[in-house]
Amino acid sequence: MNHPTTDLLDPPAALLPGLRPGTKEVRVRLAPSPTGSVHIGNVKTGLYNWLLARGQAKRLGLEGSFLLRIEDTDRNRYVEDAAVQLLDILRWFGLEWQEGPDVGGPHAPYVQSERLPIFQERAHHLVATDHAYPCFCTPERLAAVREAQQARHEPPGYDRHCRVIPAGEAADRVAAGEPHVIRFKTPRDGETTVDDVIRGPIVTANETLEDAVLLKTDGYPTYHLAHLVDDHLMEITHVIRGAEWIPSAPLHVLLYAAFGWEPPAFIHVPLILAPGGGKLSKRHGATTMAEFREQGYLPEALMNYLALLGWSFDATTEIFSPEDLLKKFSVERLSASPATFDYQKLRWINQHYINHILTLDDLTSRVIPFLARAGMIGANAAHTDHPDYAAVREATALLKDRLETLADAPEHMGPFLVEDLPDYDSALLVPKKTEPAAAQRGLEATLALLPGLDLTDEAAAEVRLRALAEELGLKTGQLFMAIRVAATGRTQSPGLFGTLRVIGRERLERRLAAAIDRLAAQPA
RNA sequence: GCCCCUAUAGUCUAGCGGCCCAGGACGUCACCCUUUCAAGGUGAAGAUCGCGGGUUCGAAUCCCGCUGGGGGUACCA
């Protein structure tokens, strides 16, 4: 099917799924509820929203806005301070919103609890137009109904008891102050189609839908009412949200119709699964953004990994900077099936960014807070003129290839940053197939020739110590291992000469002497 | 129970009717590098494309059923 003429006349908007002809702006939103720390899954949907508006839309020559809206309509689950932390962690992650609670915007306020009158007005409008009705059923009655249904093995659900109350009578009872909710008058027959961008049309028989509560007894709206009214008022063009919303999407389409509004495009992104199946929980590792940050993951590595968990660019590309993602993301390439969270691969990507992508100075400044928290360096080392900065930078250069996360830094970099080594097992000083006496001789000889050794010249130092091994009749590996352990307290370290260079003559002398004492003190 | 979504190696994925007896990555294993451990390099194993029916000259790709997985079924979002 070709339409040669109209194709040419079509605006670029036609290239973006779900965008209505003539629309020049893509508006999306992330609408978290402040009920605690931000789950990684929410961040993933937030990322896709951001990438659509700030990446794909802009590439097509459209305006693109990403908004943040706080959905705090559940008074029972509200957590003090959660909203503040939410904004902080999303910014840390790298998302930027053009409109939101802290930055304002043309549709302020962006906090739903501050928009109550709007929702109440819309709910009553629905009642007035016969699309909704007051329901006076008590929680006790609803529970009893549900129990009876279960006993009879019927599908649970509201029995529409109050739907048949004459409007006048209902209005009187409301006027009299009787507690009630407002329920949607879901059509009893017909079917509703939800056009999901990544799945195509999803058709649902209306009879399987319930008369959902729109406005609660306390006057607060439910998600169904609140998100929809706000999305319309805030001119959201694409709703990108978790797949757990698919079952209630038909209700939302019906609600748009009841209001006489055009629904946005729906993009339901697949959920994240836990390694063994089921929900991702604490048991598997980090689940909230704050935990990933504490555990030393880089925001760009996390973003890279999350982007790949349900989206791909092509058959081979795996590493995407945030800029790359903005340049390459498209909703057409989102996948429809849920993906298992693979911590191992995340660690690999994190390591890759640490070792191959970040500049040394960048890495250094990121590693510093972790080292400071471990008490290895001064608390204010974060800037380049602090005396500890140069030391950390050198150690970082030497050890970055073995850091999977920033949190690994203290363990690996400790010997290079502290003055004296923590206690270690003296037996490590004696390499395999060697006697303590031989190790001691090796270390003594090394200590003796240290004054004449330029540790900053790694190649020269290596030549000299290789010769020493031969002189002593030791294998290079044996001598080197003894020195390594004396210098670091461990059998594993970066290349010996880089290690010695960074530790420096002064500390090395002390550590060699200490090791010699240890060996001398050992029972022969 | 009912409704909905989904299905390529252990995991994430490429594939949108012939180029695929299926490509990439993580993980695994081996080798190389080497003073240790990493990192890096090279290579290997691993998928009867969940199963069964169709459609078609031809299916991983389209359709149906089954099964597995996931989600929903709240005055939570």
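Sequence lines set the chain letters: A, B, ... in the order given, protein chains first and strands last, and positions in each chain run from 1.
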Contact under 4.0 Å: [X] side-chain N or O vs [N] OP1/OP2:
X       : N       : answer
H356(A) : rG40(B) : yes
S493(A) : rA38(B) : no
R466(A) : rU35(B) : yes

ask   = Only one of H161(A), R163(A), R188(A) clears side-chain hydrogen bond (donor to acceptor under 3.5 Å, both in side chains) with D211(A); which?
value = R163(A)
query = Stepwise, does the side-chain contact (heavy atoms from CB on, under 4.5 Å) test hold for L126(A) with R122(A)?
reply = CA-CA 6 Å; L126(A) 248 27; R122(A) 290 328 296 176; over 6 Å; no
query = Under the salt bridge (charged side-chain N to carboxylate O under 4.0 Å, His left out) rule, what pairs show up with a residue in residues 308-318 of chain A, not counting sequence neighbours?
reply =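 For residues 308-318 of chain A, and leaving out neighbouring residues, the salt bridge (charged side-chain N to carboxylate O under 4.0 Å, His left out) pairs sorted by first residue read E318(A)-K345(A).
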query = When you check every protein heavy atom under 4.0 Å of nucleotides 71-77 of chain B, what one-letter string (B, S, -) results, 5' to 3'?
reply = BSSSBBB
Using a cut-off of 4.0 Å on non-hydrogen atoms, how would the nucleic acid contact of [X] be classed: base, sugar-phosphate, or nothing?
X       : answer
R152(A) : nothing
Q344(A) : sugar-phosphate
P494(A) : base
F497(A) : base
L496(A) : base
H268(A) : nothing

G-U wobble or Watson-Crick pairing nucleotide for [N] (cut-off 3.5 Å, both distances):
N       : answer
rG40(B) : rC32(B)
rG46(B) : none
rA25(B) : rU11(B)

Pair T45(A)-N42(A), side-chain donor/acceptor within less than 3.5 Å = no
Nearest to side-chain heavy atoms of [X], which nucleotide of [options]:
X       : options                   : result
R484(A) : rU35(B), rU6(B), rG24(B)  : rU35(B)
Q351(A) : rU11(B), rA39(B), rU13(B) : rA39(B)
N355(A) : rC26(B), rU35(B), rA39(B) : rA39(B)

Separation of [X] atom [atom1] from [N] atom [atom2], in whole Å?
X       : N       : atom1 : atom2 : answer
I354(A) : rG40(B) : CD1   : P     : 12 Å
H252(A) : rC4(B)  : NE2   : P     : 17 Å
H153(A) : rG1(B)  : NE2   : P     : 11 Å
E147(A) : rG1(B)  : CD    : C1'   : 17 Å

Which residue lies more 5' along RNA chain B, comparing G277(A) with T476(A) via nearest heavy atoms = T476(A)
note = Assert: residue with more 5' nearest nucleotide on RNA chain B, out of D401(A) and S312(A), is S312(A)
ask   = Where do F136(A) and V174(A) land on the side-chain contact (heavy atoms from CB on, under 4.5 Å) test, with the steps shown first?
value = CA-CA 9 Å; F136(A) 306 94; V174(A) 169; 3.8 Å; yes
ask   = Out of curiosity, L399(A) CG to H412(A) NE2, how far, rounded to the nearest 0.5 Å?
value = 7.5 Å
remark   = With W311(A) as partner, the option from Y305(A), Y48(A), F329(A) fulfilling ring-ring contact (aromatic ring centres under 6.0 Å, His included) is F329(A)
Any donor-acceptor N/O pair, Y343(A) side chain to A286(A) backbone, under 3.5 Å = yes
task = Apply the test side-chain hydrogen bond (donor to acceptor under 3.5 Å, both in side chains) to residues N350(A) and T405(A): give CA-CA distance (whole Å), side-chain angles for both, the deciding distance (0.1 Å), then the verdict.
result = CA-CA 6 Å; N350(A) 206 243; T405(A) 69; 5.4 Å; no
request  = Please list residues of residues 191-206 of chain A whose heavy atoms come under 4.0 Å from any atom in RNA chain B, ordered by number; otherwise none.
outcome  =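 Those residues whose heavy atoms fall under 4.0 Å from RNA chain B, taken from residues 191-206 of chain A in numerical order, are R199(A), I202(A).
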